[in-house]
J.: 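Okay, handing you the structure first.
So that the names make sense, note that chain A is the first sequence line, chain B the second, and so on, each numbered from 1.
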2 protein chains.
Amino acid sequence: MFSKACEYGIKAMIYIAQQDGTRRVGLKQIAEATDSPVAFTAKILQTLVRDGVLVSIKGPSGGFNLSRDAEKINLAHIVKAIDGDEIFIGCGLGLEKCDGSRPCPVHFKFASVRDGLSAMLHSTTLKEMADGLDAGKVYLTH
Amino acid sequence: MFSKACEYGIKAMIYIAQQDGTRRVGLKQIAEATDSPVAFTAKILQTLVRDGVLVSIKGPSGGFNLSRDAEKINLAHIVKAIDGDEIFIGCGLGLEKCDGSRPCPVHFKFASVRDGLSAMLHSTTLKEMADGLDAGKVYLTH
DNA sequence: ATAATAAAGGATAAAAATATCCGAAATAAA
DNA sequence: TTTATTTCGGATATTTTTATCCTTTATTAT
Ligand code: FES
Ligand code: FES
């Protein structure tokens, strides 16, 4: 469904959101908390910094924090920054583009599922996810 | 969403289903009709033959046909044969397994979308897809 | 029987995704 | 100012996915 990079990215962002907004979170801490490879996570966080949804500070006591409130960042934004928008608008059978005026055989059934996924990702914020973690109802690792 | 192999496999199966059940369909014809690479398509069809959902016959006038009626083959079967069942049961954030008793942050929202996709794939038959093609309402290529 | 045809299967090749390593740059603390 | 820390960015390595090639095997038609 999502790439590994995207899975790591979402987990990292949820973890950062869970930490107090003022406190900075370091790469190693993030990678450990999300059970993700450190160096690969670094690359993904760089992508999110370039995208502008994440802020990084170098040096001692440096680290990462969200560029805006956790309730103002949704999962769709993160997915799009890392995996692009294929999952939101792409054809289920890989046709060049999903086009209702020249639909593939699965179009009508697939597009509604895909749009449901898109709506879910757009409406789900980091705040909700972080709150679930705080409440001990959900987990970032197995 | 699906692998390229799976996209090619689904398109190939729909195309084969569209052809008269008695007539055999050759590899090159399938690859051309579905705009897929010939040799790679061959590999995927081999997988489906081994799975038992497709039958192949060698030699002149050989080719492929479905092992049973097109209305008795659903898309989920094909997807599972090629991509496995990760998409049906896997965790959205890549945790080892999706486990409602130890859910990841996206579990409750993700699982319902994923289960909707699964239901769609299970309830959609090759016959429906082939009929749409016959009616000229849908297309296998862009 | 022989030749032609078509899928099977094994060996590679190419491309993309995943993952690691290390020196450079920035920053804060000593 | 020096040192330690931490991210950045480029290079490289590994693994998986995608794709091709070629020989073998089965089958049909001549
Ligand atoms: S054309 Fe294939 S999903 Fe829309
Ligand atoms: S545990 Fe992640 S989707 Fe169920």
J.: In whole angstrom, give the distance that lies between atom CD1 of A:Ile44 and atom C1' of D:dT7.
T.: 15 Å

J.: From CG of B:Asn65 over to C1' of C:dA6, roughly how many Å is that when rounded to an integer?
T.: 14 Å

J.: Using a 4.0 Å heavy-atom cut-off, write out nucleotides 11-26 of chain C from 5' to 3' as B (base contacted by protein), S (sugar-phosphate only) or - (no contact).
T.: B------SBB-----B

J.: Roughly how many Å is it from CD in B:Gln46 to P in D:dA19, rounded to a whole number?
T.: 16 Å

J.: For a side-chain contact (heavy atoms from CB on, under 4.5 Å) with A:Leu54, tell me which candidate from A:Val49, A:Thr47, A:Ile73 qualifies.
T.: A:Val49

J.: Take A:Asp83 and A:Ser3, measure what side-chain hydrogen bond (donor to acceptor under 3.5 Å, both in side chains) needs, and give me the verdict at the end.
T.: CA-CA 7 Å; A:Asp83 278 353; A:Ser3 68; 2.6 Å; yes

J.: Return whichever of A:Ile57 or B:Val25 has its heavy-atom-nearest nucleotide of DNA chain C closer to the 5' end.
T.: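 Nearer the 5' end of the strand: B:Val25.
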
J.: Only one of A:Ile14, A:Val138, A:Asn74, A:Ile10 forms a side-chain contact (heavy atoms from CB on, under 4.5 Å) with A:Met129, so which one is it?
T.: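 Among A:Ile14, A:Val138, A:Asn74, A:Ile10, the one meeting side-chain contact (heavy atoms from CB on, under 4.5 Å) with A:Met129 is A:Ile14.
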
J.: Between A:Ser123 (side chain) and A:Ala119 (backbone), is there a donor-acceptor pair under 3.5 Å?
T.: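 Yes.
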
J.: May I ask you to check whether over 12 heavy atoms, not counting those of B:Glu32, lie within 6.0 Å of atom CD?
T.: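 Incorrect, the count does not exceed 12.
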
J.: For side-chain hydrogen bond (donor to acceptor under 3.5 Å, both in side chains), just list the numbers for A:His107 and A:Asp99, CA-CA rounded to whole Å, side-chain angles, deciding distance to a tenth of an Å, and then say yes or no.
T.: CA-CA 9 Å; A:His107 174 83; A:Asp99 177 0; over 6 Å; no

J.: A cation-pi test, strictly: NZ or CZ of B:Lys80 under 6.0 Å from the centre of the six-membered ring of B:Phe88 and no more than 45 degrees from its axis. Yes or no?
T.: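 Ring-cation test returns yes.
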
J.: Using five pairs at either end of the helix from C:dA1-D:dT30 to C:dA30-D:dT1, determine the angle between the two local helix axes and round it to 10 degrees.
T.: 0°

J.: Classify the ring geometry between A:Tyr8 and A:Phe40 as parallel (under 30°), tilted (30 to 60°) or perpendicular (over 60°).
T.: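 If you compare the ring of A:Tyr8 with that of A:Phe40, the planes turn out perpendicular.
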
J.: Assign B:Leu45 to base, sugar-phosphate, or nothing according to its heavy-atom contacts below 4.0 angstrom with the strands shown.
T.: nothing

J.: Just to confirm, is there a sub-4.0 Å distance from OP1 or OP2 of D:dG9 to any side-chain nitrogen or oxygen of A:Arg50?
T.: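 Result: yes.
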
J.: Between D:dT6 atom P and A:Glu32 atom CD, what is the distance in whole Å?
T.: 14 Å

J.: Quick one: B:Leu48 CG to C:dA8 C1', roughly how many Å, whole number?
T.: 14 Å

J.: Are B:Leu66 and B:Leu27 connected, step by step, through hydrophobic side chains (Ile, Leu, Val, Met, Phe, Trp, Tyr) whose heavy atoms are closer than 4.5 Å?
T.: yes

J.: Distance check: side-chain N/O of A:Ser61 vs OP1/OP2 of D:dT5, anything under 4.0 Å?
T.: no

J.: Does A:Ser56 make a side-chain N or O approach to OP1 or OP2 of D:dC8 shorter than 4.0 Å?
T.: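 Checking A:Ser56 against D:dC8: at least one side-chain N or O falls below 4.0 Å of OP1 or OP2.
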
